[in-house]
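Notes for the one structure printed next.
Since the model is a prediction, treat every value here as computed from it, not as a measurement. Only this structure's heavy atoms are used, side chains among them; waters, hydrogens and symmetry mates stay out. Residue numbers count from 1 along this sequence.
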Amino acid sequence: MQLPSSSLKRSLPLFLLCCSMLVPPAAHAQGHGPEEAEAIEAMENQISRIQEQQLELQKDLMAMRRELAQHRARMHLGHPATTNEVAAREHASSPHGIEGARQLARNSAMPTPTTAAHHLYPGEVPTPTIGEDTPTYAAIVAHRDEDMVNRLADNNVGPHPRETAGAQATGALGDHGVFHVGPVTVILGGYFDTSAVLENRHVASGTFNYWTAMPFPRDANYHQNNFEGSPRYSRFSLMARANIDSHTTVSGFVETDFGAGAETTNPYESNAYVPRLRQAYLSYDDTLEGTHLLIGQAWSLLTPGRAGIVARQESLPETIESSMLAGQTWTRQWQARYVHELLQHRLWFGLSIENPATIYDTTGFDNNNGSVPLPNGGTATIGANGTGLTEFTTNYSDEIAPDVIGKIAWDPAWGHYEAEGIVRFPHDRVFANGTGHNNTAIAGGGGGSAVLPLIPHKLEIHLAGLAGVGIGRYGSVLLPDVTLNAQGKPKPLPDAQATAGIVAHVNPRIDVYGYYGMQRSGRSYFSSGGSAYGYGNPMSSNAGCAIEMSPLACTASIRSVQEFTVGAWWRFLKGRYGTVEVGTQLAYSRLETWKGIGGAPSTSMSQIFFDFRYLPFQ
């Protein structure tokens, strides 16, 4: 390998200096007095020190040349060039030389297994070493582009630990699960999972908490314990990624599990849960211009993040329950997202249009597959049951426009901070007195989130919240977005959702966490002809909620749901074969309702979760 011309220019004076040192010292000293001899001796000592420094520099330069050769070999095989690599080259050619590149590698180091680059020769591919703590330039280059962005804008939070339950960056590290098809790099991810829950109420939703179905004392299920286990949340992902140039990439990502149930799914024979689409999108990333585009099904832009606004770096609870946490803001849905970054990956602006889906409350009304008779004799049409390839028992709401979401993210040297807003357009059609007309309401809200690294990479506080009207479906509890007024027009309901948590990474094998989550809804109602309509109507009957098998009504519009939970993960096996971990979680949920005739009933549920998980690519 030839040195760059700039390196030759820097090396030439030192080469001449070394040649001058070949002249015997006595030849220099002849004919001079004692003072001049002392000066010459001092100069020779200085030259000797410079020579020693030159030898150290040559050793460092040879190490860098080997690493550059390894990287070129990887580039030839289709591995991506990253922003860090370009920056490291600039550091290496700067007055700071090799030490600048070393400092960049140290600043960019991730608390994950790295790829060793010791005693390698040009063209030799480094062998990954599990558990090596000393980062190398070659190891830094090996990480994927979104990791590079996060580490360059180091906020002392860093990417989500991939082996934890909340991890969404389910790709491989190093060469685990990575292979190449021509210029395209294919990265496998995911895990094999088996989880179980023991609860003091019978809610037939498995390890997915469906809080709106929590039974009241009137139901026999309220008085029964329940145990259920399943491997249905085993998760698998694939990412295909290719370089357009040294700083621009295009990629596709797909992720699936078995969380869906077909009409024939039952627990009595084959437990045949079917695959479901979690994520499927393509993205374009230009880390030089700071432009990121994404289109397809992914986590909503409203979902809190950990660093920047980057896909697969969402900030999610590390809980076992697949519904995560009451009050957690999230959806996975179709979207078209544009993100721009400034200030060396520290300031981010994002805008997305996302698939709308409005949850209607029709308490007091008759709802026949989206056709709702009104007290004034008219009919409101709020949706229609699925047909063709959509689920025929699900009512799809009428929508006139996508949801519009904006977000700003800031990554200073300490912590990650976000502010976001959303605008929605609930829509229906009313036919009354021989004529029909469409109605569109304006809904939306705003909120924010933060990750505070009390002890960097060891102890974090997570905070998030969203409040507004017509945004209930963006919370885990799935409270309604809108109800209908007397004229059949959509009436958005107030909603607030919030979470707070603390996560301790005790050591590389143990994580401990605790969370509190809450989602609460306002009410909107009217009465006509002696009947109560709408959400939270005080004239609705709750008289039968507290009496087992009561024939009286139990309308009970939910006012709030709260959850308190603690848990831990232990990665008891970790090596080149991947990671095997076990987790447990205790959770307590409480549901409160709006007061009606007979009072404001409440209910609660206690649960203990267990989970075993094998992550072969991590």
Side-chain angles (χ1 to χ4, degrees), residues 210-216 218-219 263 356-387 390-400 424-441 443 469-470 472-473 477-495 521-545 549-559 591 593-598 600-601:
Y210 196 65
W211 290 276
T212 57
M214 286 172 57
F216 290 96
R218 69 170 289 166
D219 299 314
E263 291 296 314
T358 302
I359 299 177
Y360 279 86
D361 170 74
T362 55
T363 302
F365 299 92
D366 292 326
N367 185 352
N368 183 21
N369 298 337
S371 181
V372 182
L374 301 172
N376 62 8
T379 300
T381 301
I382 60 176
N385 280 8
T387 186
T390 55
E391 175 55 47
F392 66 90
T393 61
T394 299
N395 194 260
Y396 292 80
S397 58
D398 289 339
E399 303 291 349
I400 194 173
R424 307 191 64 205
F425 309 95
H427 178 79
D428 74 356
R429 181 173 179 82
V430 172
F431 182 86
N433 301 320
T435 61
H437 57 277
N438 296 334
N439 304 290
T440 302
V469 294
R473 83 171 183 96
V477 181
L478 291 176
L479 293 178
D481 298 308
V482 302
T483 187
L484 299 176
N485 65 12
Q487 292 75 42
K489 298 178 181 179
K491 180 66 175 177
L493 294 168
D495 186 274
S521 176
R523 54 183 177 174
S524 178
Y525 55 85
F526 68 93
S527 297
S528 177
S531 297
Y533 299 90
Y535 195 77
N537 195 318
M539 300 304 296
S540 295
S541 176
N542 295 335
C545 295
M549 305 302 290
S550 172
L552 301 177
C554 180
T555 304
S557 296
I558 296 175
R559 181 177 184 176
L591 183 152
T593 65
W594 286 104
K595 185 176 181 179
I597 297 175

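No side-chain heavy atom of Thr483 sits less than 4.5 Å from a side-chain heavy atom of Thr363. In this structure, the side chains of Pro490 and Asn439 come closer than 4.5 Å at one or more pairs of heavy atoms. With contacts defined as side-chain heavy-atom distances shorter than 4.5 Å, the pair Tyr525/Pro538 qualifies.
In this structure, the side chain of Tyr396 engages the main chain of Glu391 through a donor-acceptor pair within 3.5 Å. Between the side chain of Arg424 and the main chain of Ala357, a donor-acceptor pair closer than 3.5 Å is present. Distance alone, capped at 3.5 Å, is enough to place a donor-acceptor pair between the Thr555 side chain and the Ser541 backbone. Side chain of Thr593 to backbone of Pro601: a donor-acceptor contact under 3.5 angstrom is found. For Arg218 (side chain) and Ser550 (main-chain N/O), a donor-acceptor pair under 3.5 Å exists by modelled atom type. Between the side chain of Asn537 and the backbone N or O of Phe526 there is at least one donor-acceptor pair closer than 3.5 Å.
In this structure, Trp594 CH2 and Ser540 OG are separated by 13.0 Å, a value rounded to the nearest 0.5 Å. Atom OH of residue Tyr360 and atom CG of residue Leu484 lie 7.0 Å apart, to the nearest 0.5 angstrom. Within the model, atoms CD of Glu399 and OG1 of Thr358 stand 3.5 Å from one another, a figure rounded to the nearest 0.5 Å. Of the inter-residue distances, the one linking Arg559 atom CZ with Lys595 atom NZ reads 11.0 Å to the nearest 0.5 angstrom. For the atom pair Asp398 CG and Asp428 CG, the distance stands at 7.5 Å (nearest 0.5 Å). The line from CG of Leu591 to OG1 of Thr212 is 8.5 Å long, rounded to the nearest 0.5 Å.
Among all heavy-atom pairs drawn from Val482 and Pro426, the shortest one is CG1-CG, 3.8 Å. What you find for Thr440 and His427 is that their closest heavy atoms are OG1-ND1, 2.8 Å. The heavy-atom pair separating Ile597 from Met539 by the smallest distance is CD1-O, 3.3 Å. Closest approach of Asn376 to Gln487, counting heavy atoms only: ND2-CA, 4.4 Å. Among all heavy-atom pairs drawn from Pro492 and Gly470, the shortest one is CB-N, 3.9 Å. Nearest heavy atom pair, residue Ser521 against residue Leu479, reads CB-CD1, 3.7 Å.
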Got a list of side-chain donor-acceptor pairs under 3.5 Å for residues 528-536, not counting sequence neighbours?
unit_1, atom_1, unit_2, atom_2, d
Tyr535, OH, Ile558, N, 3.0
Tyr535, OH, Ile558, O, 2.6

Which pairs of donor and acceptor atoms, one on a side chain in residues 366-375, lie under 3.5 Å apart (sequence neighbours left out)?
unit_1, atom_1, unit_2, atom_2, d
Asn367, OD1, Gly370, N, 2.9
Asn369, OD1, Asn385, ND2, 3.0

List the steps, then state whether side chain to side chain contact (heavy atoms under 4.5 Å, CB included) holds for Thr381 with Phe431. CA-CA 8 Å; Thr381 301; Phe431 182 86; over 6 Å; no
Does the side chain to side chain contact (heavy atoms under 4.5 Å, CB included) test come out yes or no for Ile382 and Thr362, once each step is laid out? CA-CA 10 Å; Ile382 60 176; Thr362 55; 4.1 Å; yes
For Tyr210 and Leu478: C-alpha separation, side-chain torsions, deciding distance, then whether side chain to side chain contact (heavy atoms under 4.5 Å, CB included) applies. CA-CA 9 Å; Tyr210 196 65; Leu478 291 176; 4.2 Å; yes
